Number of protein chains: 2
Amino acid sequence: MHLARGSIVAATSVLTRPRKQSRDATLQKADTLLAAAAALIAEKGFEATAIRDVGRRLEVSLGGMYYYFASKDDLLFQIQHRTFTALLAEQERVAEQPGSAEDRLHRLLVGHLAFFARHPNEMKICTFELESLKGDFYDRVLVVRRRYFRLVADVIADLTGRRERKPRGHDRHVTLFVFGMLNWAFMWYQTSKDGPVEAVAAEMLELIVNGAAPRKRR
Amino acid sequence: MHLARGSIVAATSVLTRPRKQSRDATLQKADTLLAAAAALIAEKGFEATAIRDVGRRLEVSLGGMYYYFASKDDLLFQIQHRTFTALLAEQERVAEQPGSAEDRLHRLLVGHLAFFARHPNEMKICTFELESLKGDFYDRVLVVRRRYFRLVADVIADLTGRRERKPRGHDRHVTLFVFGMLNWAFMWYQTSKDGPVEAVAAEMLELIVNGAAPRKRR
DNA sequence: TTGTAATTCGAACGATCGTTCGAAATCACG
DNA sequence: CGTGATTTCGAACGATCGTTCGAATTACAA
C-alpha cells in the first residue's frame, strides 16, 4: 500500500493496480525483481539491459515481468524513486538530531556513504541514469532530489555561517562540491581498500571544514 | 597522421587505414562527425544513440559512416581517447610551469574547468560512458586517465605536505574528492548562473586549501 | 582525358528489443 | 470442493539497430 505511488501511465502493474487485498508475497517478489534489475542496470546500463534478462536471472518469464511493472521506464522509475525516497527519509531523521553544524554534517556524510554502501547498485543508477527518465518520471524523481539537496545545503549554510536565505552563490557551490565528492565515491570506494565509510566520511569532513593544506601557524 | 592511433580491431576505418596520402579534408570530416556523435551521445546516451541518427544530422548515409569508423564502439573510443589525450596534454603543460603547490593546483582547476566548458559533450561522455567501452578500448582509455590522475595527485601531495611516494591513503582520497568536485560540475555548471570558470575554480581552491568553515581566530 | 584510388550510397540481413494478448495454472477462501 | 481473482507463461508483432557489401560516384595524378 505504501508502495502504491508507482507509475502514472495508463498501463497497470502489480504495484499500481487497485486490489482488495494486496498479498504480501507479491510485493516482496516485486522487491526482489527490482533488486535484480538494479544489479543488471548498474552493471550494463539502462538501455543495454533487457527486461528479458532481468526475468531470466530470477526465472520469471518475459510476460511475467509485465505483471509486476507497467513498462521498462516504470522499472527505472521505481528503482530511483524508492531509493531516493528512502535515502531522504533516513537523512531527515539524521539531520534533525541536535548538534553543531559540523556534527550534523558529519552524520550526514556518514549516512550518505553508509546508504551507498548498502545499496551500491541503486545509488549508481540514481547518479548515472537520472537523465534516462522521461517526462513525469523525471519530474517526480527531481522533486525528491531537490528536497535532499536542500537538506544538505541548510547544514552547510550553518557551517559557513553566511546564512544566505536560499543558497544561490557561495553556499550553493560548496554544497555542489560536497555532492560531487559523495557521488563520485562509487567510482573508487571499496571497503577493503578504503576502510569503513566512517573513516572516509571523517576525511571528507576534515577537507570541507579545514581544507587539505597544513595549518600555517600553530 | 597523428590521428592514426585509432581502432585496433580488424575492421578498418578512414582513421586507421594506411594511405599514401591522407587528404586533409577527410580527416577534417571525421572530426566533424565525431563532434556530431558526441553531441548526440551526450544528450541521449551511447546505447540510445543510433549511428543512423549521427549520419542524418550531417547528411551522411549510414553506409558512409562506416567508411569513417570501424564500428560503433570505435566511435565511442575515438571520442574518449582523443578528448582525454588532449586534456592530459594541456594540463601537463600547465602543471610544469613553476609556482607553489597552491598556484599549480589553481591553474589545474582552471584548466580542467575551462576544457570542460569548451568540450562539454565530450567530457560528459568521458564521465558517463567510460564503462560502455569494451576490452582493449577500455584499457587504452584507462591508461590516459591514470596518467591524468597522477598529474593531479602529485600536486595535491605537494599541497598537503605529506609526500607519500604513491598516494594510497589520505592523499589519494583528497585527490578523489577533488575529481569528484570537478566531474560533478557538468550536472550544474552554467556560465550564466555560476560565472566564469575562473571564479568557480577559485571557490574550489579555497575549499580544498582552507575549508569552508569561518576562520576560528584571525 | 584516362585510369586508379578515394568516397558515397542504398538495400538488405540477422539479431534483439519492448510490448501485447489470451490461455493456462495457481492460489485464497466460501 | 468449487469459484473467482491472482499469477504465470509462451508466442507473436512491429520496430529499431549494427553491420556488410557491391555498385555508383567523385576526386586526383599522369
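Order of the sequence lines fixes the chain letters, A, B, ..., with proteins taken first and strands second; residue numbering starts at 1 for each chain. Quantities reported herein were computed from a predicted structural model and do not represent experimental measurements.
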Visitor: Using the closest heavy atom to pick a nucleotide of DNA chain D for each, name whichever of A:V60 or A:R52 lands nearer the 5' end.
Guide: A:V60

Visitor: Would A:K72 and A:Y66 count as a cation-pi pair here, with the cationic atom under 6.0 angstrom from the ring centre and within 45° of the axis?
Guide: no

Visitor: Hey, is CZ on A:R147 packed in by over 12 heavy atoms from elsewhere, all under 6.0 Å?
Guide: no

Visitor: Tell me: OH of B:Y67 to C1' of C:dG10, nearest whole Å?
Guide: 18 Å

Visitor: Measure from the side chain of A:S71, starting at C-beta and using heavy atoms only, and say which of D:dT19, D:dC9, C:dT19 lies closest.
Guide: C:dT19

Visitor: Please state how far atom CG in B:L58 lies from atom C1' in C:dT8, giving the value in whole angstrom units.
Guide: 15 Å

Visitor: Would you say D:dT8 has OP1 or OP2 under 4.0 Å from some side-chain N or O of A:K29?
Guide: yes

Visitor: Applying side-chain hydrogen bond (donor to acceptor under 3.5 Å, both in side chains) to A:H112 and A:Y148, what does each step give before you reach the verdict?
Guide: CA-CA 11 Å; A:H112 186 104; A:Y148 187 49; 2.7 Å; yes

Visitor: Of all the nucleotides listed (C:dA11, D:dC9, C:dG18), which has the minimum atom distance to the side chain of B:L62?
Guide: C:dA11

Visitor: Return the value, rounded to whole Å, for the distance between atom CE of B:M65 and atom P of D:dT19.
Guide: 11 Å

Visitor: Report the relative orientation of the aromatic rings in A:F128 and A:F186; use parallel for angles under 30°, tilted for 30 to 60°, perpendicular for over 60°.
Guide: perpendicular

Visitor: Rounding to a whole Å, what distance do you find between B:K72:NZ and D:dT16:P?
Guide: 15 Å

Visitor: Let me know the distance between OH of B:Y66 and P of D:dT20, rounded to the nearest Å.
Guide: 7 Å

Visitor: Find the distance A:R56:CZ to D:dG10:P and express it as a whole number of Å.
Guide: 12 Å

Visitor: Just how far, in rounded Å, is P of C:dT19 from CG of A:L75?
Guide: 10 Å

Visitor: Could you tell me the separation between the OH atom of A:Y68 and the C1' atom of C:dG18, rounded to a whole number of Å?
Guide: 20 Å

